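Computed from a prediction, not measured in an experiment: that's the story for all the values here.
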Amino acid sequence: WLLAALAEPIAAGQSAALGQEPPLLLAGAAAIFWGEREWYGRMLGCLALAGLIKLTAVIPTVALVLCLLFLPRTRVRLRALGGALLLLAALLALTWIDSDGAEGDPGSLWFKLYEHFSTYFPLFALLLLAAAVLAVVRARELWRWREEEATTIYLALLVGGFWSSYFLYSVPLPRYALLSGMPLYLLLALWLPERLRIPAAGLLLAAGLLLCDGRFYRPLRQPWTFSGEYLERSREFLADLDANRQFCRDLEESFPELPLAVKWPFAQMLTIPEFGYVRQPLKRVYVAGIVPRYAPVAGRYPEDAVPGTAGLWVANTFEFFRDFGVPLAPVPGARVLWYRKHPYAPFLLYQNL
């Protein structure tokens, strides 16, 4: 079951990306491990660590509070409940401080359900449906909140809470789902009849290996086809990284002194050699929209740009976000300096006449 969970497309992709999600998942897994043994102090410590990694840790913390509220009272659990409430208050305060004021879009909830499960999470959709069926079958046992069901109840609250909050978030990204993946697999392993566990694990492992590079997934819509944050639904984003790396190196060799107007993520790719896209930072890079302070860019576009600045147009989501400045799409009559193919969409370097 562990191998099946690691082969799931989101997990397989994030194990290569190595962003926030894998350490968040490890901290969450450690919290489940200690919670099952009622070492609540260590569990709360792992959840606090998870909160320092990413504030999504509020979800497993809420699940713990609910679980402790309904389990039979003991002195240990009452102390743990007090600690969990304090941790939850701290995480909610940090979430409020970190909030940018963006709100969910309930009007598009059903569209999000269809779009995300059909495009990003077809395997998760089947697993959640199976978990829902098993929950109905075991409803009487779960309703009693028996001691031996504490772990499965916590996992069910965690998985249900994650997916409820995911679809209410303003910009949910596929990689966020990693937090619920291993708990969902563990929940199914515990709920399935014993005779079905090994065949089900083998079937899920085969499905994960078959889907982990995205070859059988529904194609992404524009402009998501060129956007790494959506290609992270599987390991297919690695092809995007390879193409970006080759393009940036070719650009560095062919136009090292050309002033460039770019958007994220090319602002970082072209100016921070440590990321592995260029050998030396390009010194005449102007950024449309948000200027990353940690990148040695030349200035903001178009305010600081010099005459003759060339535009780098890539049809990704940053081209359409208002916070990321004026669109960089070429106007009619622009002179194309360079054109490169890409697995998902082309690179276009041009100058407007």
### Query
Is the shortest distance from a Lys or Arg side-chain nitrogen in Lys54 or Glu21 to a carboxylate oxygen in the other one below 4.0 Å?
yes
### Any donor-acceptor N/O pair, Arg340 side chain to Phe347 backbone, under 3.5 Å
no
## Note on the structure
SG (Cys248) and CZ (Phe266) are apart, to the nearest 0.5 Å, by 5.5 Å
### Task
Look only at the side chain of Arg300 and the backbone of Val287, and say whether a donor-acceptor pair between them is shorter than 3.5 Å.
no
### Message
Side chains of His116 and Pro174, heavy atoms from C-beta outward: is any pair under 4.5 Å?
### Response
no
### Query
Arg197 side chain to Leu188 main-chain N or O, any donor-acceptor pair under 3.5 Å?
no
### Under the side chain to side chain contact (heavy atoms under 4.5 Å, CB included) test, residues paired with Leu3 that sit two or more places apart
Leu205
### Message
Quick check for you: to the nearest 0.5 Å, what is the distance between Leu49 atom CG and Leu24 atom CG?
### Response
9.5 Å
### Task
Please collect all side chain to side chain donor-acceptor pair (under 3.5 Å) contacts where either partner lies in residues 179-190, sequence neighbours excluded, each pair once.
Trp163-Ser180
### Query
Going through the distances and angles, do Glu232 and Tyr120 end up as a side chain to side chain donor-acceptor pair (under 3.5 Å)?
CA-CA 9 Å; Glu232 284 182 325; Tyr120 309 133; over 6 Å; no
### Summary
When every non-hydrogen atom of Ala57 is compared with those of Gly51, the smallest separation belongs to CB-N, 3.4 Å
### Query
Which atom pair, heavy atoms only, marks the closest approach of Trp34 to Met43?
CB-N, 3.9 Å
### Task
Could you name each residue pair satisfying salt bridge (Lys or Arg N to Asp or Glu O under 4.0 Å) that touches residues 306-317, not counting sequence neighbours?
none
#### Entry: Backbone of Arg279 reached by a side-chain donor or acceptor of Glu252 within 3.5 Å
yes
### Arg215 and Glu236 ion-paired at < 4.0 Å
no
### Query
What closest approach, in Å, do Ala310 and Leu258 show between heavy atoms, and which atom pair accounts for it?
CB-CD2, 3.7 Å
### Query
Does any pair with a residue in residues 80-92 pass side chain to side chain donor-acceptor pair (under 3.5 Å), and if so which ones, sequence neighbours excluded?
none
### Task
Answer yes if the side chains of Arg175 and Gln14 hold a donor-acceptor pair under 3.5 Å, and no otherwise.
no
### Query
Taking Glu319 for the side chain and Ala329 for the main chain, is one N or O donor matched with an acceptor at less than 3.5 Å?
yes
## Note on the structure
Sorted by chain and residue number, the salt bridge (Lys or Arg N to Asp or Glu O under 4.0 Å) partners of Arg245 (sequence neighbours excluded) come out as Asp242
### Task
Name the orientation class of the two ring planes belonging to Phe121 and Phe124 (parallel below 30°, tilted from 30 to 60°, perpendicular beyond 60°).
tilted
### Arg73 side chain to Leu69 backbone, donor-acceptor under 3.5 Å
yes
### Thr309 side chain vs Ala305 backbone, donor-acceptor pair below 3.5 Å
no
### Message
Does atom CD (Glu303) have a neighbourhood of more than 12 heavy atoms from anything else shown, all under 6.0 Å?
### Response
yes
### Query
With no hydrogens and no angle check, is any side-chain donor or acceptor of Ser165 less than 3.5 Å from a backbone partner on Phe162?
yes
#### Entry: Hydrophobic cluster (4.5 angstrom, side-chain heavy atoms) - remaining members for Tyr286
Tyr301, Val306, Trp313, Val326, Leu328, Val336, Tyr339, Leu348, Tyr350
### Query
With hydrophobic residues grouped by side-chain heavy-atom distances under 4.5 Å, do Leu187 and Leu2 end up in a single group?
yes
### Query
Within the side chain of Gln268, is there an N or O that forms a donor-acceptor pair under 3.5 Å with the backbone of Ala295?
no
### Message
Can you give me the closest heavy-atom contact between Leu158 and Pro183, atom names plus distance?
### Response
CD2-CG, 3.7 Å
### Query
Would you call the rings of Phe324 and Trp264 parallel, tilted or perpendicular if under 30° counts as parallel and over 60° as perpendicular?
perpendicular
